[in-house]
Amino acid sequence: MTFNARLFCSAVAVLALVSCAKPVTQAPNVSSAELAQERAVHEAAVNASGKGGSTALPADYNRNAYMARLKPMADRISNAAAPYCQSLRTNCRYNFALDKDEAPLNAYADGKNVVISPAMMAFASNDNELALVVAHEMAHNILTHPGKTQQNAMTGMLGGTVLDALLSSQGLNTGGQLGKLGAQQGVLRYSQDFERDADYLGIYIAKTAGYDVSNAPNFWQRMSVNNPQAVYIAQSHPSNPERSVLLRKAIAEIESKQQSGQPLMPALRPKN
Ligand SMILES: [Zn+2]
């Protein structure tokens with residue numbers, strides 16, 4: 001059988017139109033030595049705790065009271081985020097809500113909303129810690145990560161579908177599996193980098209909003225105690241020790257800018 005050059009060229013032309021969306025900030029790099037050192041600290045915290053911490057909601061959980069805590073923080077974070085957001089885009093209005101599912105420790109951004117689970121609010125030991133989570137999700141929206149992740153899934157799916165078609169033209173039926181695999185790989189392609197972007201921009205936002213961000217590295221240590229697997233596993237998100245180191249470096253960067261009177265703006269990658 002002959003190689004289907006026409007199909008291949010058409011596919012390349014389609015892929016050229018849809019490229020992967022990449023991270024945009026210059027979040028601090030974490031070396032392997034720094035990671036190993038921090039991992040040992042997280043391991044020690046996990047071992048000292050005996051077992052993962054509880055994420056159960058307190059018995060006196062009250063939705064109205066939680067919203068009353070979240071609303072003023074949402075306003076503060078939104079105001080602080082405005083300069084960062086408006087430097088990148090025009091529509092900077094986002095809704096803040098409590099997750100309807102009241103069990104898991106979770107928070108997410110979907111491009112229009114910042115959603116925090118009540119369990120996450122209970123886990124945050126104070127508003128300084130909760131602000132880290134809210135500002136991180138706000139940063140995902142500002143940096144249009146939900147849309148970029150969809151775009152990367154589409155790019156990966158297209159690439160896989162092209163390979164499916166090429167193999168099919170050679171008489172090998174893949175059942176569309178490479179398209180599905182491509183979509184998964186597309187999502188993961190820059191997923192960790194998007195998280196680093198959101199941690200980095202998020203801590204600038206929380207600091208600008210007037211929160212004490214100094215406990216951010218320790219917050220991720222507490223998250224490790226809650227979920228010890230995250231000390232090692234890094235797939236969609238960087239490992240918790242890496243996040244602790246990145247945030248510690250970002251805090252040092254912010255303090256350095258404050259001391260030298262520079263504006264508190266995160267460093268962006270040069271556009272290419
Ligand atoms: Zn995130």
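Ligands are counted one by one from 1 in listed order, and the atoms in each one are counted from 1 as well. Because the structure is predicted, anything quoted here is derived from the model rather than measured.
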Checklist entry - Under 3.5 Å, side chain of N141 to main-chain N/O of G111, donor-acceptor pair present? => result yes
Checklist entry - salt bridge (charged side-chain N to carboxylate O under 4.0 Å, His left out) with R222: which residues, sequence neighbours excluded? => result E129
Checklist outcome for this item: Note: with side-chain heavy atoms under 4.5 Å as the link, the other cluster members for I233 come out as none
Checklist entry - Is the distance between the Zn ion (ligand 1) and the nearest N/O/S atom of H145 smaller than 2.8 Å? => result no
Checklist entry - Which N/O/S atom belongs to E195 and is the closest one to the Zn ion (ligand 1)? => result OE1
Next on the checklist: Taking backbone and side chain together, does H237 place any N/O/S atom at a distance below 2.8 Å from the Zn ion (ligand 1)?
Outcome noted: no
Checklist entry - Picking from N215, D212, V213, what satisfies side chain to side chain contact (heavy atoms under 4.5 Å, CB included) with N128? => result D212
